[in-house]
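Data block below; observations after.
Just so it is clear: chains get the letters A, B, ... in the order the sequence lines come, proteins before strands, and each one is counted from 1.
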Amino acid sequence: MNTDNRGIPSVQDPPNSPGQHVSNLAAILKSGRFAVAAELSPPKGVNLDSIARDAATVRDYADAVNVTDNQAASVRMASIPVAALLLTHGVEPVMQMTCRDRNRLAMQADLLGASALGIRNLLCLSGDHGIWGDHPEAKNVYDVDSIHLVRMARNLTEHGVMDNGRPISPAPQLFIGAAANPFAPPFDYRPARLGKKVAAGARFVQTQLIYNVERFKTYMARVRDLGLHEVVYILAGVGPVKSVGAARFMAEKVAGMEVPAEIVDRMAKTPKAAQPEEGIRICVEIIEQVREIPGVAGIHIMAVHWAEAVPEIVTRARLYPRPPRILTSSPLFEALEEINHPLTP
Amino acid sequence: MSLRRAIQDRPHALEKMWQFAEWALHRLNPLFARVGYERSARIILPAEDLGKKLVFNCQLCGQCILHYTGMTCPMTCPKNLRNGPCGGVRLNGHCEVKPEMRCVWVDAYERSRNMSIWGQEILTEQPPVNWQLKDSSSWINMLTGVDRRTREVEPEAKT
(Lines give C-alpha, C1' and ligand atoms only; values in the text may rest on other atoms or scores of the structure.)
Protein backbone atom coordinates (compact mmCIF):
# COMPACT_ATOMS: atom_id res chain seq x y z
CA MET A 1 0.00 0.00 0.00
CA ASN A 2 1.29 3.42 -0.89
CA THR A 3 1.52 5.68 2.08
CA ASP A 4 3.17 8.97 2.70
CA ASN A 5 5.40 9.34 5.70
CA ARG A 6 2.44 9.82 8.03
CA GLY A 7 0.94 6.44 7.28
CA ILE A 8 -2.01 7.93 5.43
CA PRO A 9 -2.64 5.89 2.29
CA SER A 10 -2.50 7.60 -1.05
CA VAL A 11 -5.74 8.01 -2.95
CA GLN A 12 -4.55 5.82 -5.83
CA ASP A 13 -5.00 2.70 -3.74
CA PRO A 14 -8.01 0.68 -4.90
CA PRO A 15 -10.38 -0.03 -2.02
CA ASN A 16 -10.35 -3.73 -2.84
CA SER A 17 -7.74 -6.13 -4.00
CA PRO A 18 -8.51 -7.31 -7.53
CA GLY A 19 -10.41 -10.50 -8.06
CA GLN A 20 -13.81 -11.73 -7.07
CA HIS A 21 -15.95 -10.17 -4.42
CA VAL A 22 -15.33 -11.50 -0.98
CA SER A 23 -18.85 -10.81 0.20
CA ASN A 24 -22.21 -9.40 -0.78
CA LEU A 25 -21.47 -6.24 1.21
CA ALA A 26 -18.14 -5.82 -0.60
CA ALA A 27 -19.82 -6.34 -3.99
CA ILE A 28 -22.54 -3.78 -3.35
CA LEU A 29 -20.08 -1.19 -2.03
CA LYS A 30 -17.75 -1.75 -4.94
CA SER A 31 -20.59 -1.39 -7.45
CA GLY A 32 -21.16 2.09 -6.03
CA ARG A 33 -24.65 1.38 -4.74
CA PHE A 34 -25.66 2.77 -1.38
CA ALA A 35 -25.30 -0.10 1.10
CA VAL A 36 -27.48 -0.92 4.10
CA ALA A 37 -26.24 -2.87 7.09
CA ALA A 38 -28.36 -3.78 10.11
CA GLU A 39 -27.38 -5.19 13.48
CA LEU A 40 -28.49 -8.05 15.72
CA SER A 41 -27.52 -8.93 19.28
CA PRO A 42 -26.97 -12.58 20.15
CA PRO A 43 -29.22 -14.00 22.88
CA LYS A 44 -28.40 -14.30 26.58
CA GLY A 45 -28.97 -18.04 26.71
CA VAL A 46 -29.04 -20.85 24.20
CA ASN A 47 -32.36 -20.24 22.52
CA LEU A 48 -31.89 -19.57 18.81
CA ASP A 49 -35.49 -18.50 18.12
CA SER A 50 -34.82 -14.80 18.55
CA ILE A 51 -32.06 -14.93 15.93
CA ALA A 52 -34.29 -16.78 13.47
CA ARG A 53 -37.05 -14.24 14.05
CA ASP A 54 -34.78 -11.20 13.72
CA ALA A 55 -33.04 -12.69 10.68
CA ALA A 56 -36.38 -13.16 8.93
CA THR A 57 -37.40 -9.59 9.82
CA VAL A 58 -34.31 -7.87 8.41
CA ARG A 59 -33.29 -10.29 5.65
CA ASP A 60 -34.77 -8.46 2.68
CA TYR A 61 -33.97 -4.99 4.02
CA ALA A 62 -30.22 -5.15 4.64
CA ASP A 63 -27.23 -6.24 2.57
CA ALA A 64 -25.43 -7.48 5.66
CA VAL A 65 -26.16 -7.75 9.36
CA ASN A 66 -23.67 -7.07 12.15
CA VAL A 67 -23.46 -9.57 14.98
CA THR A 68 -22.20 -8.00 18.18
CA ASP A 69 -19.42 -9.52 20.28
CA ASN A 70 -20.32 -9.48 23.98
CA GLN A 71 -21.81 -6.03 23.52
CA ALA A 72 -21.54 -3.63 26.45
CA ALA A 73 -18.98 -6.07 27.90
CA SER A 74 -21.76 -8.47 28.92
CA VAL A 75 -21.89 -12.17 28.21
CA ARG A 76 -24.00 -13.27 25.27
CA MET A 77 -23.77 -16.09 22.77
CA ALA A 78 -20.50 -15.76 20.81
CA SER A 79 -20.60 -13.86 17.55
CA ILE A 80 -19.18 -16.69 15.40
CA PRO A 81 -21.98 -19.25 15.90
CA VAL A 82 -24.64 -16.56 15.58
CA ALA A 83 -23.03 -15.20 12.40
CA ALA A 84 -22.83 -18.75 11.00
CA LEU A 85 -26.46 -19.30 11.89
CA LEU A 86 -27.43 -16.15 10.00
CA LEU A 87 -25.85 -17.66 6.87
CA THR A 88 -28.24 -20.57 7.11
CA HIS A 89 -31.09 -18.04 7.15
CA GLY A 90 -29.85 -16.40 3.98
CA VAL A 91 -28.51 -13.36 5.80
CA GLU A 92 -24.95 -12.19 5.30
CA PRO A 93 -23.28 -11.50 8.64
CA VAL A 94 -20.67 -8.93 9.65
CA MET A 95 -18.89 -10.59 12.52
CA GLN A 96 -17.77 -8.13 15.19
CA MET A 97 -14.63 -8.90 17.13
CA THR A 98 -13.29 -6.92 20.08
CA CYS A 99 -9.80 -6.79 21.56
CA ARG A 100 -11.18 -7.01 25.07
CA ASP A 101 -11.70 -10.76 25.34
CA ARG A 102 -9.01 -12.36 23.18
CA ASN A 103 -5.25 -12.39 22.79
CA ARG A 104 -3.65 -12.62 19.37
CA LEU A 105 -3.73 -16.42 19.31
CA ALA A 106 -7.46 -16.60 20.02
CA MET A 107 -8.19 -13.84 17.51
CA GLN A 108 -6.39 -15.57 14.66
CA ALA A 109 -7.86 -18.95 15.58
CA ASP A 110 -11.36 -17.46 15.53
CA LEU A 111 -10.73 -15.71 12.22
CA LEU A 112 -9.72 -19.02 10.64
CA GLY A 113 -12.81 -20.71 12.05
CA ALA A 114 -15.11 -17.90 10.98
CA SER A 115 -13.80 -17.89 7.43
CA ALA A 116 -14.06 -21.67 7.19
CA LEU A 117 -17.72 -21.43 8.21
CA GLY A 118 -18.39 -18.95 5.41
CA ILE A 119 -18.35 -15.70 7.40
CA ARG A 120 -16.88 -13.08 5.07
CA ASN A 121 -17.22 -9.70 6.79
CA LEU A 122 -15.25 -8.74 9.88
CA LEU A 123 -15.56 -5.61 12.01
CA CYS A 124 -12.56 -4.98 14.26
CA LEU A 125 -13.22 -3.08 17.49
CA SER A 126 -11.35 -2.12 20.65
CA GLY A 127 -14.45 -3.06 22.63
CA ASP A 128 -16.12 -1.52 25.66
CA HIS A 129 -14.02 -1.88 28.78
CA GLY A 130 -15.19 -4.67 31.07
CA ILE A 131 -15.58 -2.39 34.06
CA TRP A 132 -19.04 -1.32 32.81
CA GLY A 133 -20.11 -4.84 31.90
CA ASP A 134 -21.62 -7.77 33.78
CA HIS A 135 -18.25 -9.21 34.86
CA PRO A 136 -16.32 -6.15 36.06
CA GLU A 137 -13.86 -8.39 37.91
CA ALA A 138 -12.64 -10.00 34.67
CA LYS A 139 -9.21 -9.36 33.17
CA ASN A 140 -9.38 -7.11 30.13
CA VAL A 141 -7.07 -8.61 27.55
CA TYR A 142 -6.12 -5.78 25.13
CA ASP A 143 -3.14 -7.77 23.93
CA VAL A 144 -3.37 -5.85 20.65
CA ASP A 145 -5.46 -2.83 19.67
CA SER A 146 -8.15 -2.65 17.00
CA ILE A 147 -5.69 -1.30 14.44
CA HIS A 148 -3.42 -4.27 14.89
CA LEU A 149 -6.40 -6.61 14.76
CA VAL A 150 -7.15 -5.10 11.35
CA ARG A 151 -3.54 -5.65 10.32
CA MET A 152 -3.49 -9.25 11.55
CA ALA A 153 -6.69 -10.01 9.62
CA ARG A 154 -5.22 -8.36 6.55
CA ASN A 155 -1.95 -10.26 6.83
CA LEU A 156 -3.90 -13.53 7.13
CA THR A 157 -6.16 -12.81 4.15
CA GLU A 158 -3.93 -10.90 1.75
CA HIS A 159 -0.55 -12.40 2.53
CA GLY A 160 -1.44 -15.74 4.11
CA VAL A 161 0.83 -15.08 7.08
CA MET A 162 0.16 -15.12 10.79
CA ASP A 163 1.21 -12.34 13.14
CA ASN A 164 4.51 -14.13 13.72
CA GLY A 165 5.26 -13.96 9.99
CA ARG A 166 4.83 -17.69 9.37
CA PRO A 167 2.63 -18.88 6.51
CA ILE A 168 -0.83 -20.31 6.85
CA SER A 169 -2.60 -22.19 4.08
CA PRO A 170 -5.13 -21.85 2.67
CA ALA A 171 -5.61 -18.25 3.74
CA PRO A 172 -8.98 -17.08 5.08
CA GLN A 173 -11.16 -14.76 3.00
CA LEU A 174 -12.45 -11.69 4.80
CA PHE A 175 -13.74 -8.23 3.97
CA ILE A 176 -12.19 -6.24 6.78
CA GLY A 177 -13.79 -3.30 8.51
CA ALA A 178 -13.20 -1.03 11.47
CA ALA A 179 -15.15 1.46 13.53
CA ALA A 180 -14.86 5.24 13.68
CA ASN A 181 -16.24 7.61 16.26
CA PRO A 182 -16.43 11.22 15.05
CA PHE A 183 -18.22 12.25 18.27
CA ALA A 184 -15.55 11.72 20.92
CA PRO A 185 -12.52 13.90 21.71
CA PRO A 186 -9.89 14.57 20.49
CA PHE A 187 -11.96 15.55 17.45
CA ASP A 188 -9.02 16.77 15.37
CA TYR A 189 -7.22 13.46 15.76
CA ARG A 190 -10.15 11.25 14.73
CA PRO A 191 -9.74 11.51 10.93
CA ALA A 192 -6.01 10.71 11.25
CA ARG A 193 -6.87 7.68 13.35
CA LEU A 194 -9.20 6.55 10.58
CA GLY A 195 -6.21 6.97 8.26
CA LYS A 196 -4.21 4.59 10.46
CA LYS A 197 -6.98 2.01 10.27
CA VAL A 198 -7.08 2.28 6.48
CA ALA A 199 -3.28 1.99 6.32
CA ALA A 200 -3.54 -1.15 8.45
CA GLY A 201 -6.01 -2.69 6.00
CA ALA A 202 -9.57 -1.60 6.78
CA ARG A 203 -11.70 -1.61 3.62
CA PHE A 204 -14.95 -0.43 5.18
CA VAL A 205 -15.77 1.61 8.23
CA GLN A 206 -18.90 1.80 10.36
CA THR A 207 -19.35 4.92 12.45
CA GLN A 208 -20.77 5.53 15.88
CA LEU A 209 -24.48 6.45 15.96
CA ILE A 210 -24.97 9.85 14.33
CA TYR A 211 -27.36 12.30 15.97
CA ASN A 212 -25.24 15.43 15.56
CA VAL A 213 -25.18 15.63 11.76
CA GLU A 214 -23.25 18.91 11.76
CA ARG A 215 -20.33 17.37 13.64
CA PHE A 216 -20.39 14.42 11.25
CA LYS A 217 -20.26 16.79 8.26
CA THR A 218 -17.18 18.48 9.72
CA TYR A 219 -15.56 15.09 10.27
CA MET A 220 -16.32 13.96 6.71
CA ALA A 221 -14.89 17.17 5.27
CA ARG A 222 -11.58 16.40 7.00
CA VAL A 223 -11.78 12.75 5.86
CA ARG A 224 -12.19 13.96 2.28
CA ASP A 225 -9.24 16.36 2.68
CA LEU A 226 -7.11 13.33 3.58
CA GLY A 227 -8.50 11.44 0.57
CA LEU A 228 -9.70 8.64 2.81
CA HIS A 229 -13.19 8.45 1.28
CA GLU A 230 -11.50 7.22 -1.91
CA VAL A 231 -9.86 4.26 -0.21
CA VAL A 232 -12.40 3.11 2.37
CA TYR A 233 -16.18 2.67 2.26
CA ILE A 234 -17.80 4.67 5.02
CA LEU A 235 -21.09 3.42 6.42
CA ALA A 236 -22.80 6.06 8.53
CA GLY A 237 -24.16 4.70 11.82
CA VAL A 238 -27.81 5.54 12.46
CA GLY A 239 -30.43 4.22 14.84
CA PRO A 240 -33.93 4.94 16.08
CA VAL A 241 -34.48 5.93 19.71
CA LYS A 242 -37.52 4.17 21.11
CA SER A 243 -38.37 6.57 23.92
CA VAL A 244 -37.31 9.81 25.57
CA GLY A 245 -35.78 7.67 28.33
CA ALA A 246 -33.54 5.93 25.81
CA ALA A 247 -32.55 9.28 24.29
CA ARG A 248 -31.68 10.69 27.74
CA PHE A 249 -29.73 7.57 28.65
CA MET A 250 -27.63 7.80 25.50
CA ALA A 251 -27.12 11.54 25.93
CA GLU A 252 -26.04 11.32 29.56
CA LYS A 253 -24.74 7.85 30.32
CA VAL A 254 -23.14 6.39 27.21
CA ALA A 255 -19.52 7.51 26.88
CA GLY A 256 -18.50 8.41 23.34
CA MET A 257 -22.02 9.30 22.22
CA GLU A 258 -23.44 12.68 21.45
CA VAL A 259 -27.21 13.20 21.40
CA PRO A 260 -28.05 16.89 20.90
CA ALA A 261 -30.62 18.47 23.22
CA GLU A 262 -32.96 19.12 20.27
CA ILE A 263 -33.43 15.39 19.75
CA VAL A 264 -34.08 14.73 23.43
CA ASP A 265 -36.54 17.66 23.49
CA ARG A 266 -38.29 16.44 20.38
CA MET A 267 -38.79 13.02 21.95
CA ALA A 268 -39.90 14.58 25.24
CA LYS A 269 -42.58 16.65 23.49
CA THR A 270 -44.02 13.54 21.84
CA PRO A 271 -46.71 11.57 23.73
CA LYS A 272 -45.32 8.29 25.04
CA ALA A 273 -47.34 6.08 22.67
CA ALA A 274 -46.06 8.00 19.64
CA GLN A 275 -42.41 8.08 20.71
CA PRO A 276 -41.28 4.96 18.78
CA GLU A 277 -42.81 6.46 15.63
CA GLU A 278 -41.06 9.78 16.30
CA GLY A 279 -37.77 7.90 16.85
CA ILE A 280 -38.13 6.22 13.45
CA ARG A 281 -38.98 9.56 11.85
CA ILE A 282 -35.84 11.19 13.29
CA CYS A 283 -33.75 8.25 12.09
CA VAL A 284 -35.10 8.54 8.53
CA GLU A 285 -34.42 12.29 8.54
CA ILE A 286 -30.83 11.66 9.62
CA ILE A 287 -30.40 9.05 6.86
CA GLU A 288 -31.60 11.56 4.30
CA GLN A 289 -29.10 14.12 5.57
CA VAL A 290 -26.07 11.81 5.74
CA ARG A 291 -26.82 10.38 2.28
CA GLU A 292 -26.11 13.80 0.83
CA ILE A 293 -22.63 13.98 2.36
CA PRO A 294 -19.93 13.14 -0.21
CA GLY A 295 -17.97 10.05 0.79
CA VAL A 296 -20.79 8.26 2.61
CA ALA A 297 -21.13 4.84 0.94
CA GLY A 298 -23.98 3.44 2.99
CA ILE A 299 -25.66 3.25 6.35
CA HIS A 300 -25.49 0.93 9.32
CA ILE A 301 -28.77 0.80 11.20
CA MET A 302 -28.35 -0.05 14.87
CA ALA A 303 -31.86 -0.70 16.16
CA VAL A 304 -30.99 -2.29 19.49
CA HIS A 305 -33.52 -5.02 20.38
CA TRP A 306 -35.89 -3.49 17.81
CA ALA A 307 -35.43 -5.43 14.57
CA GLU A 308 -38.97 -4.54 13.43
CA ALA A 309 -37.85 -0.92 13.03
CA VAL A 310 -35.38 -1.87 10.28
CA PRO A 311 -37.88 -2.65 7.44
CA GLU A 312 -39.82 0.48 8.35
CA ILE A 313 -36.73 2.72 8.25
CA VAL A 314 -35.29 1.20 5.06
CA THR A 315 -38.63 1.50 3.26
CA ARG A 316 -39.28 5.07 4.34
CA ALA A 317 -35.72 6.09 3.43
CA ARG A 318 -36.49 4.73 -0.07
CA LEU A 319 -33.68 2.20 0.19
CA TYR A 320 -35.99 -0.76 -0.49
CA PRO A 321 -35.78 -3.03 -2.44
CA ARG A 322 -32.17 -3.98 -1.90
CA PRO A 323 -29.97 -5.05 -4.86
CA PRO A 324 -29.90 -8.77 -5.67
CA ARG A 325 -27.73 -10.63 -3.22
CA ILE A 326 -24.54 -12.50 -4.01
CA LEU A 327 -24.38 -15.08 -1.27
CA THR A 328 -20.93 -16.56 -0.93
CA SER A 329 -20.90 -20.29 -0.50
CA SER A 330 -20.60 -21.61 3.01
CA PRO A 331 -19.41 -25.11 3.84
CA LEU A 332 -21.75 -24.97 6.82
CA PHE A 333 -24.71 -24.08 4.63
CA GLU A 334 -23.90 -26.91 2.24
CA ALA A 335 -23.52 -29.42 5.05
CA LEU A 336 -26.87 -28.41 6.50
CA GLU A 337 -28.50 -28.72 3.11
CA GLU A 338 -27.09 -32.21 2.70
CA ILE A 339 -28.66 -33.46 5.91
CA ASN A 340 -31.80 -31.41 5.18
CA HIS A 341 -31.55 -29.62 8.45
CA PRO A 342 -34.70 -27.78 9.52
CA LEU A 343 -32.68 -24.55 9.84
CA THR A 344 -32.10 -24.45 6.08
CA PRO A 345 -34.28 -21.74 4.55
CA MET B 1 -0.51 14.73 40.30
CA SER B 2 -0.34 18.34 39.24
CA LEU B 3 3.47 18.61 39.30
CA ARG B 4 3.66 15.67 36.92
CA ARG B 5 1.13 17.33 34.63
CA ALA B 6 3.07 20.60 34.74
CA ILE B 7 6.19 18.76 33.57
CA GLN B 8 4.32 16.73 30.94
CA ASP B 9 2.72 19.87 29.56
CA ARG B 10 6.17 20.91 28.32
CA PRO B 11 6.37 18.26 25.60
CA HIS B 12 8.90 20.10 23.48
CA ALA B 13 11.40 20.37 26.35
CA LEU B 14 10.80 16.70 27.09
CA GLU B 15 11.41 15.62 23.52
CA LYS B 16 14.65 17.62 23.53
CA MET B 17 15.72 15.72 26.65
CA TRP B 18 14.66 12.49 24.98
CA GLN B 19 16.77 13.35 21.96
CA PHE B 20 19.75 14.03 24.22
CA ALA B 21 19.22 10.76 26.11
CA GLU B 22 19.11 8.81 22.86
CA TRP B 23 22.30 10.48 21.68
CA ALA B 24 24.05 9.83 25.00
CA LEU B 25 22.95 6.19 25.09
CA HIS B 26 24.26 5.59 21.59
CA ARG B 27 27.58 7.23 22.55
CA LEU B 28 27.81 4.96 25.59
CA ASN B 29 26.80 1.89 23.61
CA PRO B 30 30.35 0.52 23.16
CA LEU B 31 30.80 0.67 26.91
CA PHE B 32 27.52 -1.18 27.55
CA ALA B 33 28.52 -3.76 24.94
CA ARG B 34 31.87 -4.33 26.67
CA VAL B 35 30.32 -4.62 30.14
CA GLY B 36 27.55 -6.80 28.72
CA TYR B 37 23.97 -5.64 28.13
CA GLU B 38 22.54 -7.80 30.87
CA ARG B 39 24.90 -6.38 33.46
CA SER B 40 24.40 -2.85 32.16
CA ALA B 41 20.63 -3.28 32.44
CA ARG B 42 21.02 -3.92 36.18
CA ILE B 43 22.22 -0.35 36.57
CA ILE B 44 20.20 1.29 33.80
CA LEU B 45 16.85 -0.27 34.62
CA PRO B 46 16.41 1.18 38.16
CA ALA B 47 17.42 4.65 36.93
CA GLU B 48 15.12 4.45 33.92
CA ASP B 49 12.27 3.10 36.02
CA LEU B 50 12.58 5.82 38.65
CA GLY B 51 12.88 8.72 36.23
CA LYS B 52 10.16 7.63 33.85
CA LYS B 53 7.82 6.57 36.65
CA LEU B 54 8.05 9.98 38.33
CA VAL B 55 7.55 11.98 35.16
CA PHE B 56 5.43 9.76 32.92
CA ASN B 57 3.90 7.15 35.27
CA CYS B 58 5.89 4.61 33.23
CA GLN B 59 4.50 1.07 33.23
CA LEU B 60 7.84 -0.44 32.16
CA CYS B 61 6.63 -2.05 28.93
CA GLY B 62 10.27 -2.28 27.83
CA GLN B 63 9.62 -0.79 24.38
CA CYS B 64 9.22 2.92 24.91
CA ILE B 65 7.42 4.95 22.24
CA LEU B 66 6.84 8.06 24.39
CA HIS B 67 8.26 10.37 21.74
CA TYR B 68 5.82 8.96 19.18
CA THR B 69 2.82 9.54 21.43
CA GLY B 70 3.12 13.15 22.50
CA MET B 71 5.53 12.35 25.38
CA THR B 72 2.52 10.75 27.10
CA CYS B 73 2.76 7.10 28.13
CA PRO B 74 0.18 5.07 26.15
CA MET B 75 0.46 2.20 28.62
CA THR B 76 -1.34 4.35 31.21
CA CYS B 77 -4.46 4.03 29.03
CA PRO B 78 -6.67 1.39 30.70
CA LYS B 79 -6.90 -0.38 27.34
CA ASN B 80 -3.13 -0.06 26.70
CA LEU B 81 -3.94 1.47 23.32
CA ARG B 82 -0.82 2.54 21.40
CA ASN B 83 -2.52 3.83 18.27
CA GLY B 84 -4.94 6.45 19.50
CA PRO B 85 -8.08 6.83 21.59
CA CYS B 86 -10.95 4.35 21.74
CA GLY B 87 -14.47 5.43 20.93
CA GLY B 88 -15.41 5.82 24.58
CA VAL B 89 -13.79 9.16 25.37
CA ARG B 90 -16.28 11.37 27.22
CA LEU B 91 -17.30 14.74 25.80
CA ASN B 92 -15.29 16.45 28.57
CA GLY B 93 -12.17 14.63 27.33
CA HIS B 94 -12.09 12.20 30.24
CA CYS B 95 -11.61 8.44 30.22
CA GLU B 96 -14.52 6.03 29.79
CA VAL B 97 -13.03 3.66 32.36
CA LYS B 98 -11.78 6.19 34.92
CA PRO B 99 -14.14 9.19 34.71
CA GLU B 100 -11.87 11.31 36.96
CA MET B 101 -8.86 10.89 34.63
CA ARG B 102 -8.22 12.86 31.43
CA CYS B 103 -8.01 10.55 28.42
CA VAL B 104 -4.36 9.73 27.81
CA TRP B 105 -4.88 10.30 24.09
CA VAL B 106 -6.55 13.67 24.49
CA ASP B 107 -3.40 14.77 26.32
CA ALA B 108 -1.11 12.94 23.91
CA TYR B 109 -2.61 14.54 20.81
CA GLU B 110 -2.61 18.05 22.30
CA ARG B 111 1.02 17.70 23.37
CA SER B 112 2.10 16.23 20.04
CA ARG B 113 0.90 19.45 18.34
CA ASN B 114 3.57 21.28 20.33
CA MET B 115 6.41 18.95 19.42
CA SER B 116 8.68 19.81 16.51
CA ILE B 117 10.86 16.70 16.38
CA TRP B 118 8.49 13.74 16.69
CA GLY B 119 5.08 15.47 16.70
CA GLN B 120 3.95 13.89 13.44
CA GLU B 121 4.70 10.34 14.61
CA ILE B 122 1.35 10.22 16.41
CA LEU B 123 -0.17 9.84 12.94
CA THR B 124 1.71 6.64 12.10
CA GLU B 125 0.70 3.10 12.92
CA GLN B 126 2.44 1.55 15.93
CA PRO B 127 2.86 -2.23 16.16
CA PRO B 128 1.54 -4.07 19.23
CA VAL B 129 3.39 -4.63 22.48
CA ASN B 130 5.89 -7.45 22.74
CA TRP B 131 4.92 -8.68 26.21
CA GLN B 132 8.19 -10.62 26.52
CA LEU B 133 9.91 -7.28 27.09
CA LYS B 134 7.69 -6.22 30.01
CA ASP B 135 9.69 -5.04 33.03
CA SER B 136 12.95 -4.78 31.12
CA SER B 137 14.93 -1.65 30.23
CA SER B 138 13.65 -0.05 27.04
CA TRP B 139 16.92 1.87 26.74
CA ILE B 140 18.96 -1.32 26.63
CA ASN B 141 16.35 -2.93 24.37
CA MET B 142 16.71 0.02 22.01
CA LEU B 143 20.48 -0.47 21.85
CA THR B 144 20.32 -4.22 21.33
CA GLY B 145 17.47 -3.85 18.84
CA VAL B 146 15.23 -6.49 20.42
CA ASP B 147 12.39 -3.95 20.47
CA ARG B 148 12.76 -3.13 16.78
CA ARG B 149 9.36 -4.40 15.76
CA THR B 150 7.58 -2.38 18.41
CA ARG B 151 9.51 0.83 17.84
CA GLU B 152 9.37 0.97 14.08
CA VAL B 153 6.34 0.85 11.86
CA GLU B 154 6.37 -2.40 9.97
CA PRO B 155 8.01 -1.93 6.58
CA GLU B 156 4.82 -2.86 4.76
CA ALA B 157 3.01 0.10 6.29
CA LYS B 158 5.72 2.47 5.16
CA THR B 159 6.47 1.43 1.60
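Judged by distance alone, the side chain of B/Asn83 and the main-chain N or O of B/Gln126 form a donor-acceptor pair under 3.5 Å. Looking at A/Arg151, its side chain never comes within 3.5 Å of a backbone N or O of A/Ile147 through a donor-acceptor pair. A donor-acceptor pair under 3.5 Å is formed between the side chain of B/Gln59 and the backbone N or O of B/Asn57. A distance-only check finds a donor-acceptor pair linking the side chain of A/Asn181 to the backbone of B/Gly87 [under 3.5 Å].
The pair A/Arg102-A/Asp110 counts as a salt bridge, with a side-chain nitrogen and a carboxylate oxygen less than 4.0 angstrom apart.
A/Met257 touches chain B through its backbone: at least one of N, CA, C or O sits under 4.5 Å from a heavy atom, while the side chain does not. Proximity to chain B (any heavy atom under 4.5 Å) is shown, for A/Arg100, by neither the backbone nor the side chain. In this structure, chain B has a heavy atom under 4.5 Å from the backbone of A/Phe183, while its side chain stays farther away.
Of residues 41-48 of chain B, no residue lies under 4.5 Å from chain A by any heavy-atom pair.
With chain A as the partner, the residue from B/Val97, B/Asn80, B/Leu81 showing the most heavy-atom pairs under 4.5 Å is B/Val97. By number of non-hydrogen pairs under 4.5 angstrom with chain B, the leading residue of A/Leu125, A/Asp145, A/Val254 is A/Asp145. Note: A/Asp143 leads A/Asn140, A/Val141, A/Asp143 in heavy-atom pairs under 4.5 Å with chain B.
Under the 3.5 Å distance criterion, with hydrogens and angles disregarded, no donor-acceptor pair is assigned to the side chains of A/Gln96 and A/Thr98.
Taking the six-membered ring wherever Trp is involved, the centroid distance between the rings of A/Phe204 and A/Tyr233 does not fall below 6.0 Å.
Aromatic ring pairs are classed by plane angle as parallel below 30°, tilted from 30° to 60° and perpendicular above 60°; the pair B/Trp18 and B/Trp118 is perpendicular.
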Legend entry - Worked verdict on B/Arg111 versus B/Arg113 for side chain to side chain contact (heavy atoms under 4.5 Å, CB included): CA-CA 5 Å; B/Arg111 289 169 185 155; B/Arg113 300 302 86 192; over 6 Å; no

